[in-house]
Amino acid sequence: MKTALAQMTSGDDPGDNLRQVQWMLAEAAAEGAEFVLTPEVTNCVSASRSQQNEVLRPEAEDPTLAALRQQAEELGIWLLIGSLALKTDDPDGRFANRSFLIGPDGGIRARYDKIHMFDVQVTPEETYRESDGFRPGDRAVLAETPFGAVGMTVCYDVRFPHLHQALARAGAEILTVPAAFSPVTGAAHWEALLRARAIETGCFVLAPAQTGTHPATRGKARRTYGHSMAISPWGEVLVDGGTEAGIHVFDMDRALVEDARAKVPALTHIRDFQGP
């Protein structure tokens with residue numbers, strides 16, 4: 001089936017970002033895509049807690065989610081909203097980083113809250129404390145679709161192979177890894193991690209990404225790596241989106257999953273063992 005990755009440069013104004021992604025979905029559908037994926041934090045990329053508190057909404061009130069559900073129905077497409085930053089009832093006021101799978105009827109088929117938080121110091125000047133602003137999820141999510149079972153992950157999750165192996169062992173044929181990857185870690189690790197997750201599991205790995213310098217009305221402007229990727233179950237790079245925002249359409253052949261797993265049935269060889 002024709003599948004499309006939307007590579008975005010979201011800023012800290014959800015309205016502007018919604019207009020950008022709606023144009024991309026329409027373009028992808030016009031090119032024949034039946035499954036379209038957007039990046040992590042499609043609705044708001046911001047390093048400012050005050051800006052996030054002002055513009056973000058709970059899931060039930062989020063205008064981006066409502067508009068994209070409607071557009072998915074109008075276009076008759078499956079849509080993975082890579083993630084939305086959403087207000088929650090967390091006592092510390094932390095947000096959710098929540099991925100949504102939307103059916104062609106506009107219905108929410110699955111939700112996944114990012115489990116692993118990006119709390120790192122990449123360089124002396126580049127530090128991230130995602131857990132300060134976002135509460136982690138605690139549940140892996142597998143969604144059934146007519147084109148294969150989809151295991152949902154987000155960005156930093158890609159560094160934790162046990163999550164992806166658990167999804168594949170539960171039946172996943174497609175792993176989604178929407179991201180807003182740091183330029184430093186992206187250049188060093190992004191492609192290698194995505195290819196490793198595909199090779200280990202015999203799954204397609206679909207990774208739509210944020211890219212470039214993100215407009216900011218408050219706080220420091222963030223930069224992200226781009227290079228949205230689609231990886232085959234054999235570990236081949238089918239799409240590399242480079243660094244410009246845009247839509248990337250490709251063919252996803254479900255038969256490649258069975259072929260890769262027949263050649264190297266690693267999932268059936270996993271054994272329990274005692275620790276060192």
Side-chain angles (χ1 to χ4, degrees), residues 1-8 10 14-15 17-45 56-88 95-115 137 139-155 157 167 171-180 203-210 228 230 247-250 252 254:
M1 68 182 298
K2 284 197 176 295
T3 303
L5 305 180
Q7 181 157 289
M8 298 179 63
S10 297
N17 301 329
L18 176 58
R19 287 184 284 275
Q20 180 185 170
V21 73
Q22 285 180 312
W23 176 86
M24 289 186 171
L25 297 190
E27 179 70 18
E31 293 187 34
E34 301 172 75
F35 182 29
V36 185
L37 301 89
T38 74
E40 183 181 21
V41 286
T42 289
N43 64 330
C44 183
V45 174
L56 298 184
R57 299 290 181 268
E59 178 182 320
E61 303 169 18
D62 185 72
T64 301
L65 177 60
L68 295 185
R69 290 180 64 185
Q70 179 179 342
Q71 189 176 15
E73 182 177 13
E74 291 170 351
L75 296 174
I77 60 172
W78 285 85
L79 171 64
L80 182 94
I81 304 173
S83 78
L84 300 175
L86 299 168
K87 286 184 173 177
T88 71
F95 310 113
N97 192 343
R98 184 169 298 158
S99 186
F100 293 88
L101 182 65
I102 310 299
D105 60 354
I108 297 173
R109 301 300 180 88
R111 298 170 176 83
Y112 166 71
D113 284 6
K114 182 178 180 180
I115 292 173
R139 185 172 66 92
V141 174
L142 183 69
E144 296 292 341
T145 76
F147 50 88
V150 177
M152 299 168 68
T153 78
V154 175
C155 201
D157 285 332
L167 288 165
E173 299 168 89
I174 300 162
L175 299 172
T176 56
V177 191
C203 288
F204 282 97
V205 173
L206 308 183
Q210 296 280 357
S228 297
I247 282 288
H248 301 275
V249 179
F250 63 99
M252 185 170 61
R254 188 176 184 178

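Hydrogens, waters and symmetry mates are skipped; everything else that's a heavy atom, side chains included, is used. Computed from a predicted structure; not experimentally measured.
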Chemist: Is the backbone of Gly106 close enough, under 3.5 Å, to the side chain of Arg69 for a donor and an acceptor to pair up by distance?
Modeler: yes

Chemist: I need the minimum non-hydrogen distance between Gln210 and Pro39, along with the two atoms involved.
Modeler: N-CB, 3.6 Å

Chemist: Quick check for you: to the nearest 0.5 Å, what is the distance between Thr64 atom OG1 and Asn17 atom CG?
Modeler: 7.5 Å

Chemist: Heavy-atom distance under 4.5 Å between the side chains of Asp62 and Leu84, does that happen here?
Modeler: yes

Chemist: Under a 4.5 Å cut-off applied to non-hydrogen side-chain atoms, are Phe95 and Lys87 in contact?
Modeler: yes

Chemist: So if I apply the side-chain contact (heavy atoms from CB on, under 4.5 Å) rule between Gln71 and each of Leu25, Ile77, Val36, which one comes out positive?
Modeler: Leu25

Chemist: What I'd like to find out is whether the side chain of Arg57 reaches to under 4.5 Å of the side chain of Leu65, using heavy atoms alone.
Modeler: no

Chemist: Begin with the C-alpha distance, continue with both residues' side-chain angles, and end with the deciding distance and a verdict on salt bridge (Lys or Arg N to Asp or Glu O under 4.0 Å) for Lys2 and Glu31.
Modeler: CA-CA 9 Å; Lys2 284 197 176 295; Glu31 293 187 34; over 6 Å; no

Chemist: Taking all non-hydrogen atoms of both residues, which atom of Gly82 and which atom of Val154 are closest, and how far apart?
Modeler: O-CG2, 4.0 Å

Chemist: Can you find a pair of side-chain heavy atoms, one from Asp157 and one from Ile115, that are under 4.5 Å apart?
Modeler: yes

Chemist: What are the two closest heavy atoms between Ile247 and Ala4, and how far apart are they?
Modeler: CG2-CB, 4.3 Å

Chemist: Could you pull out the closest heavy-atom pair between Ala85 and Val41, with the gap in Å?
Modeler: CB-CG1, 4.3 Å

Chemist: List in chain and number order the residues that pass ring-ring contact (aromatic ring centres under 6.0 Å, His included) with Phe35, two or more places apart in sequence or in another chain; answer none if no residue qualifies.
Modeler: Phe147

Chemist: Do Thr176 side-chain atoms and Leu206 backbone N/O form a donor-acceptor pair below 3.5 Å?
Modeler: no

Chemist: Which value, rounded to the nearest 0.5 Å, describes the distance between Leu79 atom CG and Phe100 atom CZ?
Modeler: 11.0 Å

Chemist: What's the spacing between Met8 CE and Glu40 CD if we round to 0.5 Å?
Modeler: 12.5 Å

Chemist: Between Arg111 and Arg139, which heavy-atom pair has the shortest distance, and what is it?
Modeler: O-NH2, 3.9 Å

Chemist: How long is the span from the CD atom in Glu34 to the OG1 atom in Thr3, to the nearest 0.5 Å?
Modeler: 7.5 Å

Chemist: Calculate, to the nearest 0.5 Å, the distance between atoms CE and OG1 belonging to Met1 and Thr145 respectively.
Modeler: 7.5 Å

Chemist: Hey, mind stepping through Asp113 and Arg98 against salt bridge (Lys or Arg N to Asp or Glu O under 4.0 Å) and telling me if it holds?
Modeler: CA-CA 4 Å; Asp113 284 6; Arg98 184 169 298 158; 2.6 Å; yes

Chemist: Search all heavy atoms of Ala6 against all heavy atoms of Met24 and return the closest pair with its distance.
Modeler: CB-SD, 3.8 Å

Chemist: Is the side chain of Ser10 donor-acceptor paired with the backbone N or O of Asn43 at a distance under 3.5 Å, no angle test?
Modeler: no

Chemist: Would you check if Leu86 and Leu56 make a side-chain contact, meaning some heavy-atom pair closer than 4.5 Å?
Modeler: no

Chemist: Using only atom types and a distance under 3.5 Å, with no angle test, would you say the side chain of Gln7 pairs donor to acceptor with the backbone of Ser228?
Modeler: yes

Chemist: To the nearest 0.5 Å, how far apart are CD in Gln20 and OG1 in Thr38?
Modeler: 10.5 Å

Chemist: Listed by chain and number, what are the side-chain hydrogen bond (donor to acceptor under 3.5 Å, both in side chains) partners of Gln22, not counting sequence neighbours?
Modeler: none

Chemist: Kindly indicate, with the supporting measurements, whether the criterion side chain to side chain contact (heavy atoms under 4.5 Å, CB included) is fulfilled by Thr153 and Leu167.
Modeler: CA-CA 10 Å; Thr153 78; Leu167 288 165; 3.7 Å; yes

